[in-house]
Amino acid sequence: MTQEPLLLVENLRKYFPVGQSLGDLLLRRPPGLIKAVDDVSFTLLHGEILAIVGESGCGKTTIARTLIGLEEETGGKILFNGRQIGARERRLQAGLVPLESGAIGTREQQSLPRLSFKQFRQQAQMIFQDPYESLNPRATIFEIVAEPLVVHGLARGRAEKIQRVRNALEDAGLRPAEEYFLRYPHELSGGQRQRVVIAGAMVLEPKLLIADEPVSMLDVSIRAEILNLLHDLRNKRGVSIVFITHDLGTVAYFADRLAVMYLGRIVEIGRTAEVLKNPQHPYTRALLSVVPVPNPRLRRERVILQGEAPNPIHLPTGCRFHPRCPLAMDACRMTDPAYVQLSATHSTACLRVESTAL
Amino acid sequence: MAEMPLLQVRHLTTEFLLPGKGAARALEDVSFDVYPGQTIGLVGESGCGKTTVLMSILRLLPTQAQISGRVLFRGLDLLALSERQMREYRWKEIAIVFQGAMNALNPVMSVGEQICEAITLHGLMPRREAEARTGELLELVGIPKERGVQYPFQYSGGMRQRAMIAMALACSPCILFADEPTTALDVMVQAQILELLGNIQRKMGLAIVLVTHDLGVVAEMCDMVVVMYGGKVAEYGPVDRIFNNPQHPYTQKLLEAFPDLAQPVASLASIPGAPPRLSELPPGCRFAPRCHVCLPQCASEAPPLLEIAPGHFSACHLCKS
Amino acid sequence: MRESWLLFWRNLREFWRVFRHNRMGMIGAFLLLSAVLIALFAPFLSPYEPSLVIRDATGRGLTFAPPAVHGPLGTDDAGRDVWTQLVYGARISLLVGLLAGFIAMFIGSLLGILAGYFGGWIDTLIMRVTDVLLVIPDLPLMLVLVATLRQMELKISPLVVLILVIGLLYWTSTARLVRSQVLSIKERQFVARARAIGAGHFHIIRRHILPQLMPLIVANTVLILSTAILIESGLSFLGLGDPTQPSWGTMLNFAFDRNAISNGAWWFYLPPGLAIVWVSLGCVLLGNVLEEMLNPRLTAHHLEGDVRVRPLEGEGAYG
């Protein structure tokens with residue numbers, strides 16, 4: 001663990017303002033805030049796969065979009081290879097005005113070596129959920145895969161461009177690559193399209209891939225191919241992957257580490273095997289107990305939580321899980337639990353765990 | 001199994017006539033039985049025809065669809081009925097929760113009103129009784145009666161799905177078709193809905209036909225399983241045999257491709273290629289182009305569905321009865 | 001760039017394959033194309049000059065001669081050949097329509113894209129200007145503008161004035177249409193993907209927004225063309241055309257002024273009227289069909305699914 005992490009995220013926050021009505025404006029009520037991501041910290045080592053798991057609305061996709069720069073963080077620190085990503089360029093690129101401009105670029109952070117946003121963009125790429133939507137329907141596969149090269153002005157000459165596109169497509173398992181150059185996305189199957197997306201992400205040979213539910217739209221028989229391809233790219237290229245998903249079953253064999261999110265906060269994080277075999281947070285336990293298992297002989301005790309996750313505008317006081325928690329105590333209503341280190345790699349935020357650990 | 005099946009589907013074949021392009025065979029020779037109080041799962045990948053089976057049984061397909069075979073409901077062939085007679089069976093005997101139905105609620109009408117309207121439109125009972133029944137139905141699916149006056153946007157996804165189930169149960173049908181009832185929902189809400197379906201089934205003695213692509217859901221919910229591929233039945237049998245002793249190569253691979261949280265393996269299997277399109281089906285066994293144990297005759301000769309053990313059927317040249 | 005030509009031809013052939021079987025579209029294309037051909041080959045279609053006065057054996061001007069007496073369509077009040085005026089008039093009508101239509105389309109698309117893509121105050125500004133233009137009745141406004149510009153005695157041809165006035169006032173509906181389309185396109189995932197790659201605004205608009213808009217723009221151009229021709233006819237009929245270069249509208253204006261109707265000279269006013277109907281009908285038919293065909297979502301049949309590449313050996317190599 002002495003190795004320097006590729007990505008260091010500290011106290012990342014992303015709040016979205018809620019649309020104000022005219023009445024709110026007249027009464028000078030402050031705008032409401034959706035705390036989509038609230039104080040999230042984690043690291044990602046070189047060549048590591050970190051899965052971020054949670055139900056819809058827990059903020060996992062917002063983390064992905066913030067990491068890649070499609071959203072600007074409200075606060076917190078993102079270090080890539082130990083370097084701060086240039087915030088000013090980032091703001092310009094995203095075309096957004098920051099919510100709390102003061103929170104970004106404190107003096108201490110500015111003293112860190114900087115990486116221009118453009119440079120960062122070359123080293124971090126995103127894979128989107130829907131392979132039917134994330135490819136421009138009027139562009140050819142060649143144009144799509146070559147686009148990052150064009151945008152970053154990286155390919156010198158036509159021959160090099162063709163060579164790099166060919167390599168990327170073949171690495172993504174689309175062989176012979178030339179057969180695909182002049183095709184349009186609608187001529188390909190879902191699995192092939194997702195391979196094109198991956199080829200487009202890998203053509204710049206990035207160090208970081210952020211995959212937002214890359215297989216949830218695909219058929220079961222195709223999913224494994226895509227996941228195996230991503231595994232392969234990690235093993236051969238050493239690319240690190242942040243894997244956003246709601247499917248714990250997939251995570252079990254795909255990810256090295258696992259972070260479970262609930263309402264904008266990581267409630268438990270650790271090596272995948274640790275978390276799956278020895279879940280400590282009551283939410284993780286409940287979540288694991290309800291994942292359907294393809295074995296009719298296995299009848300498990302299921303912890304079905306009632307209701308659904310509350311609206312992130314009105315967060316519960318104390319531990320945000322307490323209203324649904326089967327183990328909630330009085331203290332949970334008051335105290336927002338701090339992280340408890342269970343092992344060198346495994347930690348969780350729960351007062352119950354704290355009390356047993358002490 | 002001594003009981004009479006409620007619904008016997010025999011050699012159900014559905015073709016869509018495409019203008020100027022001939023016919024696309026969406027279903028071919030689909031047969032299975034539904035027993036009272038049982039849950040039968042129809043599993044398969046997208047485009048394998050699982051939804052078409054439900055629609056063909058209920059005869060809810062557009063007019064260019066041609067349905068043949070027999071669908072015996074308590075011994076009566078539904079396909080032979082007139083459209084008006086069929087209406088007596090739809091919803092009253094066989095109800096359906098459509099895929100994505102929870103997004104089909106009218107946004108400007110309260111949920112209770114919509115359920116009530118569905119009951120009165122069918123002329124089942126007077127308005128006042130229908131209102132009382134609406135309350136009962138909402139309670140049955142775990143929604144407090146008082147929330148009936150609320151509008152769909154005030155409901156969460158899970159609650160809308162519950163409301164749709166309540167609507168389907170309005171006439172106390174004996175069979176419920178559920179088309180991907182939990183697909184767009186989170187695992188926790190999915191568990192809630194599946195638990196609800198199980199409870200209702202026990203309470204009402206309902207038979208459920210569950211269409212899904214999630215093998216985990218099938219393992220937890222179903223008694224019998226129909227595995228479909230390219231519009232045909234690949235394998236059909238009791239859930240325990242299908243999961244623990246699968247005979248069809250497609251079922252085997254599908255199970256290996258499905259992640260099991262209880263016993264994680266080093267890597268998942270995958271099936272090369274993509275499911276066939278209905279307008280371009282391979283001539284022999286439909287799975288042959290993707291099959292890992294394909295025989296020479298598979299490319300030309302479609303294997304028949306054979307009973308390889310009591311109640312366990314498989315359509316593969318490698319399986320012997 | 002041989003591939004892009006190849007692709008272009010492939011797409012064009014594909015388009016023609018479907019278009020051929022569309023009766024409405026073929027009729028529209030025929031109507032429009034025939035008018036264009038007539039305009040292009042006007043000198044070959046008539047032995048006269050449009051301003052030439054036809055004289056009888058005695059040397060007197062042959063006025064209000066019915067088709068039975070002279071040529072296919074008779075003569076007008078001054079003894080000029082109506083058929084000749086009609087085919088030469090096609091040039092003026094189509095030219096004004098095309099140029100004005102293109103100007104309107106260009107401005108409308110540009111402003112629509114800017115408003116939809118950037119949003120914020122740019123959007124507000126553009127849309128408010130659009131609203132103002134939309135609520136002012138166009139015909140009176142154009143009348144006033146054309147008349148005022150004429151008064152100023154600028155050294156520009158009255159036709160150019162017409163083209164500019166129509167083009168500069170008729171972009172509002174296009175701008176609204178394009179804007180709403182851009183609003184939905186920019187939320188699509190492939191635009192997010194382009195942004196994630198690091199693409200700038202210009203790149204995203206050119207490579208991702210514009211190609212999705214092209215079908216709409218092409219179809220709308222054809223539709224706007226018919227509006228422009230109608231407006232031009234209207235203005236010319238009211239006497240704001242160029243009398244030295246008569247369009248169909250100008251012909252109607254002459255016919256009306258010289259009492260063609262009370263003289264029963266139907267051959268004077270019917271042909272230009274029908275010609276206007278001919279062209280605008282062609283535009284509307286073609287425009288609607290193009291809109292329908294070029295929108296991929298309106299054509300796909302759910303059972304046909306996607307056209308898929310045959311399975312390749314490379315598939316499953318990672319299995």
Side-chain angles (χ1 to χ4, degrees), chain A residues 53-58 173 188-193 215-229 231-232 246-254 272-273 276-277 283 286-300 302-311 324, chain B residues 43-48 142 156-159 182 184-192 194-195 212-223 225 229 238-244 250 253-275 277 290:
Chain A
V53 186
E55 294 177 88
S56 54
C58 73
L188 307 185
S189 69
Q192 288 170 328
R193 284 187 217 205
V215 294
S216 67
M217 304 287 289
L218 301 174
D219 274 320
V220 179
S221 70
I222 311 289
R223 282 184 194 178
E225 282 182 21
I226 298 296
L227 293 173
N228 291 339
L229 168 61
H231 246 182
D232 252 37
H246 67 276
D247 182 3
L248 274 162
T250 318
V251 168
Y253 92 104
F254 182 69
T272 307
L276 294 183
K277 289 218 181 79
Y283 179 66
L287 210 54
L288 282 172
S289 80
V290 296
V291 173
V293 168
N295 183 355
R297 288 183 187 168
L298 198 73
R299 292 284 173 223
R300 295 165 304 156
R302 288 195 284 175
V303 187
I304 299 182
L305 301 173
Q306 291 314 306
E308 286 171 42
N311 188 328
R324 297 173 77 199
Chain B
V43 246
E45 297 174 272
S46 55
C48 74
S156 64
M159 281 180 70
T182 59
L185 302 172
D186 278 316
V187 249
M188 195 57 74
V189 184
Q190 165 172 296
Q192 292 168 3
L194 294 180
E195 190 188 35
T212 180
H213 64 272
D214 189 329
L215 289 166
V217 171
V218 173
E220 299 205 347
M221 289 290 291
C222 298
D223 305 296
V225 186
Y229 188 81
V239 70
D240 191 60
R241 283 197 62 94
I242 297 286
F243 278 79
N244 291 308
Y250 176 61
K253 277 287 172 192
L254 202 60
L255 281 167
E256 283 172 39
F258 198 84
D260 183 350
L261 198 52
Q263 299 161 308
V265 284
S267 97
L268 294 177
S270 65
I271 309 177
R277 284 194 297 145
R290 300 174 73 191

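Treat the numbers as computed from the prediction; the structure is a model and nothing was measured.
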Any salt bridge between B:Glu45 and A:Arg223, counting N to O under 4.0 Å? no
Would a 4.5 Å heavy-atom cut-off, applied to side chains only, mark A:Tyr253 and B:Leu268 as touching? yes
Region of A:Val251 that comes under 4.5 Å of a non-hydrogen atom in chain B: neither
Region of B:Val187 that comes under 4.5 Å of a non-hydrogen atom in chain A: both
Of the backbone (N, CA, C, O) and the side chain (C-beta and beyond), which part of A:Ala286 lies under 4.5 Å from a heavy atom of chain B, both, or neither? both
Would you mind telling me which of B:Cys222, B:Pro259, B:Gly44 has the largest number of heavy-atom pairs within less than 4.5 Å of chain A? B:Pro259
Less than 4.5 Å to any heavy atom of chain B: does that hold for the side chain of A:Ile226, its backbone, both, or neither? neither
Closest heavy-atom pair and its distance - A:Ser221, B:Arg290: OG-NH2, 2.9 Å
Distance from A:Ile304 atom CD1 to B:Leu194 atom CG, nearest 0.5 Å? 8.0 Å
Sub-4.5 Å side-chain heavy-atom contact between B:Met188 and A:Gln306: no
Measuring from atom CD1 of A:Ile222 to atom OG of B:Ser270, what distance do you get when rounded to the nearest 0.5 angstrom? 8.0 Å
Closest heavy-atom pair, A:Leu288 versus B:Leu261, reported as atoms and distance to 0.1 Å, is CD2-CD2, 3.5 Å
So among A:Thr250, A:Val220, A:Val293, which one has a side-chain contact (heavy atoms from CB on, under 4.5 Å) with B:Phe258? A:Val220
For chain A, the option from B:Ala257, B:Ser156, B:Ala191, B:Ala219 that forms the most heavy-atom pairs under 4.5 Å: B:Ala219
Given that the side chain runs from C-beta out, which part of B:Gln190 has a heavy atom under 4.5 Å from chain A: side chain, backbone, both or neither? side chain
A:Asp219 side chain vs B:Ser46 backbone, donor-acceptor pair below 3.5 Å: yes
With only heavy atoms counted, which part of B:Glu195 is less than 4.5 Å from chain A, the side chain, the backbone, both or neither? side chain
Please determine, among A:His246, A:Lys277, A:His231, A:Glu55, the option with the most heavy-atom pairs under 4.5 Å with chain B. A:Glu55
Contacts of B:Asp240 meeting salt bridge (charged side-chain N to carboxylate O under 4.0 Å, His left out) (sequence neighbours excluded), chain-then-number -> A:Arg297
In terms of heavy-atom contacts, A:Ala224 and B:Ala269 come closest through CB-O, 2.9 Å
For A:Leu287, is it the side chain, the backbone, both, or neither that has a heavy atom closer than 4.5 Å to a heavy atom of chain B? both
Heavy-atom pairs under 4.5 Å with chain B, option from A:Val291, A:Val290, A:Leu298 with the top count: A:Val290
What heavy-atom pair brings B:Phe243 and A:Pro296 nearest, and what distance separates the two atoms? CB-CD, 3.4 Å
